[in-house]
Participant: 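Quick one: this structure, given as structure tokens, is what I'll be asking you about.
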Amino acid sequence: MHYRLLITALFVFSLAGGLNGGALPVSSTACPGGYSPRFEITGDVQNPTTYDEDSLGALPHSTEDVTFLTKTGPQSGSFQGVLLWDLLNKAGITSDPTRDGQFQYVEVTATDCYQVVLALGEINPGFGGEQVLVADGENGAPLGADAGFARLVVPGDKFGGRSTFWITSIKVLSGPRPKDDR
């Protein structure tokens with residue numbers, strides 16, 4: 001059983017491209033970090049799209065009250081933003097109809113090359129239904145320069161590791177079907 005778990009973990013890690021997409025070591029100039037004025041939605045979508053403060057702000061917003069742990073202690077806030085599921089649907093998620101969204105995932109990348117992965121099923125209202133936000137406001141005010149104009153907020157996570165700021169890219173990807181080894 002542990003062997004299968006290890007193989008599965010390595011498989012998921014390789015899908016995410018290892019530490020930096022399987023590329024050679026990244027120089028510090030490739031991932032400077034800091035404020036991001038826009039992000040793009042690409043990958044398995046029909047209409048790749050770029051959002052900035054104005055275009056994201058023009059879309060219908062939701063509010064999520066969240067508390068999660070950070071290295072400095074708990075952080076709480078009331079975040080305003082657009083549901084990630086809505087943004088992906090607006091871009092037109094492409095999926096093999098026989099897979100019904102299975103084995104697809106979303107990779108979110110920040111300006112410092114920090115990446116997080118969410119299973120598409122996690123945010124699909126008909127499956128996991130997580131209300132993941134691409135937030136552009138907190139507690140009624142725009143996000144500050146230390147967060148970029150937009151950040152990912154994942155309600156329900158105990159730790160804030162997937163609540164990513166300085167977003168530059170949201171990419172929909174498809175993994176191969178697992179082999180049936182029964």
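All values below come from the heavy atoms of this structure, side chains included, with hydrogens, waters and symmetry mates left out. Along the sequence shown, residues are numbered consecutively beginning with 1.
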Participant: Let me see the working for K171 and V106 under side-chain contact (heavy atoms from CB on, under 4.5 Å), right down to the final yes or no.
Facilitator: CA-CA 6 Å; K171 189 179 228 180; V106 180; over 6 Å; no
Participant: Between W166 (side chain only) and T109 (backbone N and O only), is there a donor and an acceptor less than 3.5 Å apart?
Facilitator: no
Participant: Would you check, one step at a time, whether the test side-chain contact (heavy atoms from CB on, under 4.5 Å) holds for L118 with E130?
Facilitator: CA-CA 10 Å; L118 298 123; E130 291 293 331; over 6 Å; no
Participant: For a quick test of reading the model, state the closest non-hydrogen atom pair linking V132 to P155 and the distance between them.
Facilitator: CA-CD, 4.1 Å
Participant: Side chains of Q104 and S174 only: does a donor on one sit below 3.5 Å from an acceptor on the other?
Facilitator: yes
Participant: With no hydrogens and no angle check, is any side-chain donor or acceptor of T111 less than 3.5 Å from a backbone partner on G34?
Facilitator: yes
Participant: Going hydrophobic residue to hydrophobic residue with side-chain gaps under 4.5 angstrom, can you get from L143 over to V82?
Facilitator: no
Participant: For I41, is there any backbone N or O sitting under 3.5 Å from a side-chain donor or acceptor partner on T49?
Facilitator: no
Participant: Treating Ile, Leu, Val, Met, Phe, Trp and Tyr as nodes and any side-chain heavy-atom pair under 4.5 angstrom as an edge, say whether V108 and I93 lie in one connected cluster.
Facilitator: yes
Participant: Side-chain heavy atoms under 4.5 angstrom apart, residues restricted to Ile, Leu, Val, Met, Phe, Trp, Tyr: same cluster for V153 and L56?
Facilitator: no
Participant: For G33, does its backbone N or O pair with a side-chain atom of Y114 as donor and acceptor, under 3.5 Å?
Facilitator: no
Participant: Using a 4.5 Å cut-off on heavy atoms from C-beta on, say whether the side chain of V117 contacts that of Q115.
Facilitator: no
Participant: Checking Q75 side chain against G73 main chain: does a donor-acceptor pair fall under 3.5 Å?
Facilitator: no
Participant: Mind checking the CD-CZ spacing from E53 to R38? Nearest 0.5 Å is all I need.
Facilitator: 12.0 Å
Participant: Which atom names give the shortest non-hydrogen contact between A30 and C113, and what distance separates them?
Facilitator: O-SG, 4.2 Å
Participant: On a heavy-atom basis, which atom in T164 and which in A110 lie closest, and how many Å separate them?
Facilitator: CG2-CB, 3.8 Å
Participant: Any donor and acceptor pair, going by atom type alone, linking the side chain of D52 with main-chain N or O of S55 inside 3.5 Å?
Facilitator: yes
Participant: Do T50 and E40 get their side chains close enough for a donor-acceptor pair, meaning under 3.5 Å?
Facilitator: no
Participant: Can you tell if the side chain of F68 reaches within under 4.5 Å of the side chain of D157, non-hydrogen atoms only?
Facilitator: no
Participant: Return yes if some donor-acceptor pair links the side-chain N/O of S36 with the main-chain N/O of I167 below 3.5 Å, else return no.
Facilitator: yes
Participant: Can you find a pair of side-chain heavy atoms, one from L87 and one from F39, that are under 4.5 Å apart?
Facilitator: yes
Participant: Okay, side chain of E138, backbone of F79: is any donor-acceptor separation there less than 3.5 Å?
Facilitator: no
Participant: Is the OH atom of Y35 crowded by more than 12 outside heavy atoms at less than 6.0 Å?
Facilitator: yes
Participant: Between S163 and V154, what is the shortest heavy-atom contact and its length?
Facilitator: OG-N, 3.5 Å
Participant: Scan side-chain atoms only and decide if N139 and S78 contain a donor-acceptor pair under the 3.5 Å cut-off.
Facilitator: no
Participant: Pick out which of V172, V134, L83 makes a side chain to side chain contact (heavy atoms under 4.5 Å, CB included) with L88.
Facilitator: V172
Participant: With L84, which of L120, L152, N89, L133 fulfils side chain to side chain contact (heavy atoms under 4.5 Å, CB included)?
Facilitator: L152
Participant: Under 4.0 Å between a Lys/Arg side-chain N and an Asp/Glu carboxylate O for R162 and E122?
Facilitator: yes
Participant: G161 and V116: which non-hydrogen atoms are nearest, and at how many Å?
Facilitator: O-CG1, 3.5 Å
Participant: For the atom pair CG (D136) and CZ (F149), what is the distance rounded to the nearest 0.5 Å?
Facilitator: 7.5 Å
